[in-house]
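Written out below as structure tokens is the structure these notes cover.
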Amino acid sequence: MDRPSPLPRRRFLQLTGTALGLTATSACASSGPSRTTTPPTTTARTSAAGATSDRTYSPERFDPWIELDRAAWTHNVREASRLAGGRPILAVVKNNAYGLGDRAVGPLLADMSQVGGIATVRVEEALALREEGVTKSIVVMAEGSEDEIEEMARHNVLPSVWLDDAPERLRSVSRRLGRPVPVQLFIDTGMNREGMPHTRARRWIEELVQSEYVDVNGTYTMFTHDLDFDREQLARFEELLGWARGRNLPLGTLHASPTYELFHLPEAHYDMVRPGNALFGNPPDGEEATDKATLRPVFRLNTRVVRVEHLEPGDSAGFNRTFMPERASWVALLPIGRTDGYPSEANGTCEVLINGRLYPVAGGVNSAHAILDIGEEKTVEVGDVATLIGPDHPAVLPHTVAERTGLGFLRIIQGINPRLPRRVV
């Protein structure tokens with residue numbers, strides 16, 4: 001298969017220069033927790049409203065859709081930036097933006113001046129963001145094959161490396177490209193999931209930094225979110241950084257703090273912070289975190305009423321006659337179900353907001369339908385917009401739905417069907 005030609009060096013440097021310290025030339029190994037980086041002066045694109053996922057949205061549609069609240073995202077980014085003392089944000093948009101849609105969320109976040117770059121965990125996610133017009137730096141926080149690393153390099157995407165044979169693989173890719181390969185070094189300080197173990201990283205780091213085939217763009221670690229052990233991990237990371245400084249081995253931009261450590265471990269903020277959950281309106285548990293920052297819900301899960309019918313006592317609605325009113329009652333049908341991301345556990349526990357009023361989910365949530373108990377009066381019409389999850393009432397907040405269904409915030413948003421159109425509002 002033919003591969004795209006390498007970018008001209010001038011264009012390559014122009015694109016990677018928007019990384020806000022994610023380039024090795026603008027960072028130094030002596031960076032420490034007190035260092036800040038100049039905020040960006042460029043934006044990724046003029047507007048995120050034209051994201052690919054908007055193209056199937058129609059204001060007349062009945063089928064479900066997702067609305068992304070630009071003002072809420074902006075607020076959460078500002079709160080994260082404030083907690084980080086103004087350091088730039090490496091915004092984590094992994095796993096299809098935690099389910100909300102990376103093609104819409106990525107450009108939306110990249111437009112913001114506080115965001116210095118985007119982090120993903122899949123090559124496909126990174127390339128999708130490039131297709132959507134994101135020009136800021138993108139870091140893939142995963143190892144890749146030689147072919148994947150080459151593809152990332154050709155699209156100005158920064159791969160992470162941690163395997164022992166990284167120097168050999170990068171040398172091979174560099175020879176294909178005819179230039180050094182910019183990479184980020186992932187150091188395992190005790191989580192034992194990903195990364196080069198800190199106990200045997202020194203010779204490996206030295207070989208990579210000194211290689212003519214490699215441009216070490218940045219170095220990072222990941223914490224366990226156990227605060228006491230986080231501090232031990234930080235000490236291990238600092239010891240390794242001190243060793244590198246003593247040998248004049250530049251490690252590029254340093255970052256270590258996802259959302260939990262953004263809130264609770266300021267000494268680990270380094271050159272950039274790396275939140276994901278906080279940007280999506282999901283703070284760490286506990287009142288202490290709530291006191292430090294107020295985060296807003298960032299999305300709505302909407303659909304429209306497609307049927308309104310009157311039931312008499314003895315009638316029923318749903319499989320197995322789930323809803324059997326004791327009084328004459330109206331029911332409304334919504335064309336949304338568990339395959340769209342609205343869980344079956346919402347039946348009997350959750351409510352839906354229509355025209356400012358709440359209606360209980362009473363007739364079951366099936367693969368593609370949910371039935372609401374409207375009550376004795378017909379207060380809902382076909383075509384009315386129904387919000388099942390969103391910021392407009394405490395009863396439909398994402399965390400409320402997560403609590404009532406017993407599923408948790410991330411399981412709620414990660415279960416949203418990627419086929420649903422995303423619309424930035």
Parallel, tilted or perpendicular: which describes the rings of Phe409 and His399, with under 30° parallel and over 60° perpendicular? parallel

Please work out which of the three classes, parallel, tilted or perpendicular, describes the rings of Trp162 and Phe186, given edges at 30° and 60°. perpendicular

Answer yes or no: is there a side-chain heavy-atom contact under 4.5 Å between Val361 and Leu372? yes

Counting only heavy atoms not in Arg122, do more than 12 fall under 6.0 Å of its CZ? no

Quick one: does Val140's side chain get under 4.5 Å of Glu148's, heavy atoms only? no

Residues, nucleotides or ligands: over 12 heavy atoms within 6.0 Å of Phe229 CZ: yes

Aromatic centroids of Phe299 and Tyr98 separated by under 6.0 Å: no

Please indicate whether Asp285 has more than 12 foreign heavy atoms, meaning atoms of other residues, nucleotides or ligands, lying under 6.0 Å from its CG. no

dist Leu100:CG -> Leu108:CG (nearest 0.5 Å) comes out at 10.5 Å

For the salt bridge (charged side-chain N to carboxylate O under 4.0 Å, His left out) test, which of Arg179, Arg175, Arg176 pairs with Glu150? Arg176

Taking Lys136 for its side chain and Ala110 for its backbone only, find out whether a donor-acceptor pair lies under 3.5 Å. yes

Just checking, any donor-acceptor pair under 3.5 angstrom between side chains of Glu261 and His225? yes

Taking the side chain as everything from C-beta on, heavy atoms only, tell me whether Pro107 gets closer than 4.5 Å to Val134. yes

With a 3.5 Å distance limit and no angle check, can you tell me whether Thr224 reaches the backbone of Met191 through a side-chain donor-acceptor pair? no

I'd like to know if the side chain of Thr303 and the backbone of Leu334 have a donor-acceptor N/O pair within less than 3.5 Å. no

If we ignore hydrogens and angles and just use 3.5 Å, is the side chain of His75 paired with the main-chain N or O of Thr294 as donor and acceptor? yes

Less than 4.5 Å apart, any side-chain heavy atom of Val123 and any of Val157? no

Donor-acceptor under 3.5 Å (Thr219 side chain, Leu254 main chain): no

With no hydrogens and no angle check, is any side-chain donor or acceptor of Asp373 less than 3.5 Å from a backbone partner on Tyr359? no

Indicate whether any N or O donor in one side chain lies under 3.5 Å from an N or O acceptor in the other, for His255 and Arg274. yes

So that I can tick it off, tell me whether Glu345 and Arg411 are bridged by a salt bridge, with the cut-off set at under 4.0 angstrom between side-chain N and carboxylate O. no

For the pair Glu207 and Arg203, find out whether any cationic side-chain nitrogen is under 4.0 Å from an anionic carboxylate oxygen. no

OG1 (Thr339) and CD1 (Ile416) are apart, to the nearest 0.5 Å, by 12.5 Å

Would you find a donor on one side and an acceptor on the other, under 3.5 Å apart, between the side chain of Glu125 and the backbone of Asn95? yes

Assess the residue pair His393 and Glu351 against the criterion (side chain to side chain donor-acceptor pair (under 3.5 Å)); give the C-alpha distance rounded to whole Å, side-chain angles, the decisive distance to 0.1 Å, and a yes or no. CA-CA 10 Å; His393 191 283; Glu351 299 165 286; over 6 Å; no

Side-chain touch Leu265/Leu227, heavy atoms, less than 4.5 angstrom: yes

Per side chain to side chain contact (heavy atoms under 4.5 Å, CB included), Leu301 is matched among Ile389, Asp340, Val396 by Ile389

Rounded to the nearest 0.5 Å, the CZ atom of Phe323 sits from the CG atom of Asn347 at a distance of 10.5 Å

Using a strict cut-off of less than 4.0 Å between a Lys/Arg side-chain nitrogen and an Asp/Glu carboxylate oxygen, indicate whether Glu79 and Arg82 qualify as a salt bridge. yes

Starting at CZ of Arg422, measure out to CZ of Arg103 and round the result to the nearest 0.5 Å. 12.0 Å

Taking the basic N atoms (NZ, or NE/NH1/NH2) and the acidic carboxylate oxygens, is any pair closer than 4.0 Å for Arg202 and Glu239? yes

With no hydrogens and no angle check, is any side-chain donor or acceptor of Asn76 less than 3.5 Å from a backbone partner on Arg296? yes

Any side-chain heavy atom of Asn282 sitting closer than 4.5 Å to one from Thr259? no

Side chains of Arg300 and Thr387: do they bring a donor and an acceptor to under 3.5 Å? no

Any sub-3.5 Å donor-acceptor pair from Thr221's side-chain atoms to Ala256's backbone N or O? no

Dump the intermediate steps for side chain to side chain contact (heavy atoms under 4.5 Å, CB included) on Leu163 and Arg169, then the final yes or no. CA-CA 10 Å; Leu163 295 178; Arg169 288 185 295 119; 3.8 Å; yes

If I take atom CG from residue Leu185 and atom CE from residue Met196, how far apart are they, to the nearest 0.5 angstrom? 9.5 Å

Say you draw a straight line from CG of Leu240 to CG of Leu249; how long is it, rounded to the nearest 0.5 Å? 10.0 Å

Backbone N/O of Val298 and side chain of Asp69: donor-acceptor pair under 3.5 Å: no

